[in-house]
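Reading through the structure tokens given below for one structure.
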Amino acid sequence: MQDLAAGAAAAAPEKPVLVLNGPNLNLLGLREPAVYGTDTLAGIEKLCHDTAAELGLSVDFRQSNHEGVLIDAVHEARTSHCGIVINPAGYTHTSVALRDALAAAELPVIEVHLSNIHRREPFRHHSYVSGVADAVLCGTGAHGYALALTHLGRVLGLTHPATPRNPR
């Protein structure tokens with residue numbers, strides 16, 4: 001992280017933010033709209049690109065239904081990205097391997113969920129990812145992605161002095 005002089009914003013990172021989406025998120029807008037809303041993944045991708053541009057960031061937006069593909073993307077991010085925004089979807093509650101990959105990435109991680117996982121079935125209340133995330137946003141719908149990118153901009157020192165990273 002860059003040391004900031006008396007409130008001056010840091011230069012935009014040359015590396016993009018990885019916005020990673022887990023299983024079934026390709027069905028957004030069709031799958032359980034009462035729970036997940038009517039926004040599509042394409043709409044969320046546009047929101048992320050627009051928000052990132054306002055912050056001086058760029059986005060590498062991906063989705064996969066396969067755990068290994070998500071883990072490979074996190075491994076790649078270690079050297080090619082400046083941070084990770086992740087909606088692990090169903091892998092939130094099951095994947096120790098994804099959690100371990102995020103911890104090994106040594107990048108700021110923001111966890112996002114469209115729905116409030118704490119107001120849903122008890123098995124959804126636990127997240128393996130939260131323990132390695134710098135921040136967790138849930139229940140804010142698609143807007144959570146914009147909030148996550150904005151917070152990541154703060155962590156990277158782009159808009160305000162960087163927020164201290166959580167110890168891992």
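Computed from a prediction, not measured in an experiment: that's the story for all the values here.
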Using a 3.5 Å distance criterion without hydrogens, assess whether the side chain of [X] forms a donor-acceptor pair with backbone atoms of [Y].
X: Lys15; Y: Ala77; result: no
X: His93; Y: His126; result: yes
X: Gln63; Y: Gly22; result: yes
X: Asp60; Y: Val17; result: no
X: Thr40; Y: Gly43; result: yes

Determine whether [X] and [Y] make a side-chain contact, defined as any pair of heavy atoms from C-beta on separated by less than 4.5 Å.
X: Val74; Y: Val109; result: no
X: Leu25; Y: Leu28; result: yes
X: Glu54; Y: Leu149; result: no
X: Pro88; Y: Leu98; result: yes

Nearest 0.5 angstrom please: [X] [atom1] to [Y] [atom2], how far?
X: Leu57; Y: Thr51; atom1: CG; atom2: OG1; result: 10.0 Å
X: Leu30; Y: Leu41; atom1: CG; atom2: CG; result: 11.0 Å
X: Asn26; Y: Asn65; atom1: CG; atom2: CG; result: 4.5 Å
X: Ile84; Y: Arg78; atom1: CD1; atom2: CZ; result: 10.5 Å
X: Glu111; Y: Asp134; atom1: CD; atom2: CG; result: 11.0 Å
X: Asn87; Y: Leu20; atom1: CG; atom2: CG; result: 9.0 Å

When the ring planes of Tyr145 and Phe61 are compared, do they come out parallel, tilted or perpendicular, using 30° and 60° as the limits?
-> tilted
Can you name the closest pair of heavy atoms from [X] and [Y] and give their distance?
X: Leu152; Y: Pro108; value: CD1-CB, 3.5 Å
X: His151; Y: Ile110; value: CD2-CD1, 3.6 Å
X: Leu107; Y: His81; value: CD2-O, 3.5 Å
X: Ala89; Y: Pro23; value: CB-O, 3.3 Å
X: Ala148; Y: Leu137; value: N-CD1, 3.4 Å

Same cluster or not: [X] versus [Y], using hydrophobic residues (I, L, V, M, F, W, Y) connected whenever any side-chain heavy atoms lie under 4.5 Å apart?
X: Val136; Y: Leu114; result: no
X: Val85; Y: Leu47; result: no
X: Tyr128; Y: Ile117; result: no

